[in-house]
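The structure appears right after this line, and notes come after that.
Small disclaimer: the values here were computed from a predicted structure and weren't measured. In what follows, chains are A, B, ... by sequence order, proteins preceding strands, each numbered from 1.
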2 protein chains.
Amino acid sequence: MARVGLVASRVTTAAADLADKVGFDKVTLSAVARILGIAEPSMYSHVRSVAELRKGVAVLAATELADCIGEALAGRAGKDALVAFSNAYREFARTCPGRYTATHIQLTEEELSRSTGHQRIFAMTMAMFRAYDLSEGELTDAVRLVRSSLHGFVSLESIGGFGHPRDVQKSWENGIEAIHVMLTEWPSSGAAR
Amino acid sequence: MARVGLVASRVTTAAADLADKVGFDKVTLSAVARILGIAEPSMYSHVRSVAELRKGVAVLAATELADCIGEALAGRAGKDALVAFSNAYREFARTCPGRYTATHIQLTEEELSRSTGHQRIFAMTMAMFRAYDLSEGELTDAVRLVRSSLHGFVSLESIGGFGHPRDVQKSWENGIEAIHVMLTEWPSSGAAR
DNA sequence: GGCGACTTCCTATGGCCCATAGGTTGCAGC
DNA sequence: GCTGCAACCTATGGGCCATAGGAAGTCGCC
C-alpha cells in the first residue's frame, strides 16, 4: 500500500483546518484520519491521543494569532495600537473560529511556557498597555479586563449572542473607543495604590 | 420491575447537576440514565435527543440565573446595581459552572423567546443600564460590551486563564469599578449620535 | 546486494456514547 | 376486568477512542 508519508505538522494543520470548518469540539481522530486518507488507529503513529492532537492545534493557533497581532501592531502605539490589536484579534476569531477556540483550552504550566505563541501574545499585550499610565497592579487588572472584553465579545458574536438589530460592527468600534477612554481614565490612576 | 416514576423536570435537574459536577460537555444520556437508575434507551421516553436534554438544562439554568440576579438587584440602582449584578453573575458562574455554560449554547429564535430566564436576564440588564445617560444605540453598544466583559472574565477565570499572581478578586472589583467609570464617561455620551 | 531496525500503516477488538426498533409492564380510567 | 398510554426494557447498529499485534516500506550499514 502506498505510504502517505505524513509528518506530525501535516496532521496538526489538517486538524486545525477541520476545526475551522466544523468546530473545534468536532475535531476527532477518525475525522482527521479520513481527511488524511489513513485508517483510524494509524493516527496513533503521529499523536498519542485526541487530547494531544487538540493541544497541537492550540499551540499552532496561538503562533498564528501571535503573527497576526504582531503584524497589526508593527509601528503602532497608544490608541492606534489598541484598535489594531483588537481588530486583528477579532478578525482571527472570525476567520479561524476553530483555531481561536483552540487557543483557549487548558494547557499545563509546562506546555504554556513552551508555547511561544501564547508567550508572544502575552508579551505584546503587556507592551501595548504600557502606553497607559497604570501602576503594576492596575496594569494586570486592566489587561485582564480588556482581554475579557475582547474574548467575551468575539465569543458571544460567534455563537450569535447579539440578537438586537443594532449593527455589531458599530458596537465593536464604539466598544473599543470606550475601552480606550476607560484605560485613560482608569480609576485611581496616578494616585497612590 | 419497579417504576422510577420520572418526570421531565427531574431528568433536567439531574443533567444540570451533572453538568456542574463534571462539565456541561460531559452531560451524556447514558450518564444521566445511570444516575437516574434507568437503562440508556429509556431516556428517550423523556427527551428526544441529547441536544434537547442540553437545551432543557440551558432553559433551567437561565431561569435560575435570572432568579439570582433579580434577588441581587432588588432595591438597588446605579453603580450599586451594577456591582450587585456583576457579583451575582460571577457567583453563579463559579458555583454552577455547568449551568453557566449551558446558558450560552445556541438556541433558536423561537426557543429563546420562550425561555423566560433568558428574557428576564435581558430585561434586567437593560433596566440597569438606564441609570446611565446613553442614547438608544449607545445603550445597546454598552450592554454588549459589559456583557462581553463579564462573560469573558468568568470564562477565562473558569479555565484558569489568569496565571499572574495578582489576586483575581481584586482585579474583578477594580474591573467593575472601571466599567462603571466607562459607562459614566461613555464616548460622545450626551452628544448627538 | 542484503540484513536489521525503525517508522508507517494495517486489521481486529473492545469500551463508551447516541439512537432506533420493537416488546413488556404498571397504572388510570371506563 | 379491559383498554390504552406511559415508562421501561433488550437487542442492535453506527461513530468515536484506544490498544494489541502484525505487515510493509525505508534507511543505514556491512
Just compare dA19(C), dA7(D), dC10(C) and give me whichever is closest to any side-chain atom of A39(A). dC10(C)
So what is the end-to-end bend of the helix from dG1(C)-dC30(D) to dC30(C)-dG1(D), with 5 pairs used at each end and the value given to 10 degrees? 0°
Within this structure, what is the CD1-to-P distance between I38(B) and dT25(C), rounded to whole angstrom? 18 Å
Side-chain N or O of R34(A) closer than 4.0 Å to phosphate OP1/OP2 of dC16(D): yes
Side chain to side chain contact (heavy atoms under 4.5 Å, CB included) partners for L112(B), two or more places apart: L107(B), H118(B)
Side chain to side chain contact (heavy atoms under 4.5 Å, CB included) involving S30(A) - partner list, sequence neighbours excluded: T28(A), R34(A), E40(A)
Contacts of E71(A) meeting side chain to side chain donor-acceptor pair (under 3.5 Å) (sequence neighbours excluded), chain-then-number -> none
Check side chain to side chain contact (heavy atoms under 4.5 Å, CB included) between D25(B) and all other residues, then give those that pass, not counting sequence neighbours. none
Please check the phosphate of dT19(D) (OP1 and OP2 only) for any side-chain N or O of R48(A) closer than 4.0 Å. no
Pairwise ring-ring contact (aromatic ring centres under 6.0 Å, His included) hits with a residue in residues 157-176 of chain B, at least two apart: F153(B)-F162(B), F153(B)-W172(B)
From CD of E52(B) over to C1' of dC18(C), roughly how many Å is that when rounded to an integer? 14 Å
Listing request: all salt bridge (Lys or Arg N to Asp or Glu O under 4.0 Å) pairs with a residue in residues 43-53 of chain B, at least two apart in sequence or in separate chains. R48(B)-E52(B)
Any side-chain N or O of S42(A) below 4.0 angstrom from OP1/OP2 of dC10(C)? yes
Between A14(A) and V32(A) the two heavy atoms that sit nearest each other are CB-CG1, 4.4 Å
Rounded to whole Å, the CZ-P distance (R54(B) to dC17(C)) equals 12 Å
Atom pair distance, as rounded to whole Å: CD in E40(B) and C1' in dT20(C): 12 Å
Under a 4.0 Å heavy-atom cutoff, the residues of residues 22-32 of chain A touching DNA chain D are T28(A), L29(A), S30(A)
Any residue meeting side chain to side chain contact (heavy atoms under 4.5 Å, CB included) with A39(B), in chain and number order, not counting sequence neighbours: P41(B), S42(B)
Rounded to the nearest angstrom, tell me the gap between atom CZ in R10(A) and atom C1' in dT8(C). 15 Å
How close or far is atom P of dC16(D) from atom CG of L53(A), stated in whole angstroms? 14 Å
Looking at H46(B), does any N or O in its side chain come under 4.0 Å of the phosphate oxygens OP1/OP2 on dC8(D)? yes
Atom-to-atom span, CG of L36(B) to P of dA7(D) - whole angstrom: 13 Å
So if I take every side-chain heavy atom of Y44(B) and compare against dT20(C), dC9(D), dC17(C), which nucleotide ends up nearest? dT20(C)
Grab the CE-C1' distance between M43(A) and dT7(C) for me, whole Å please. 16 Å
Which class fits the ring pair H151(A) and Y100(A): parallel under 30°, tilted 30 to 60°, perpendicular over 60°? tilted
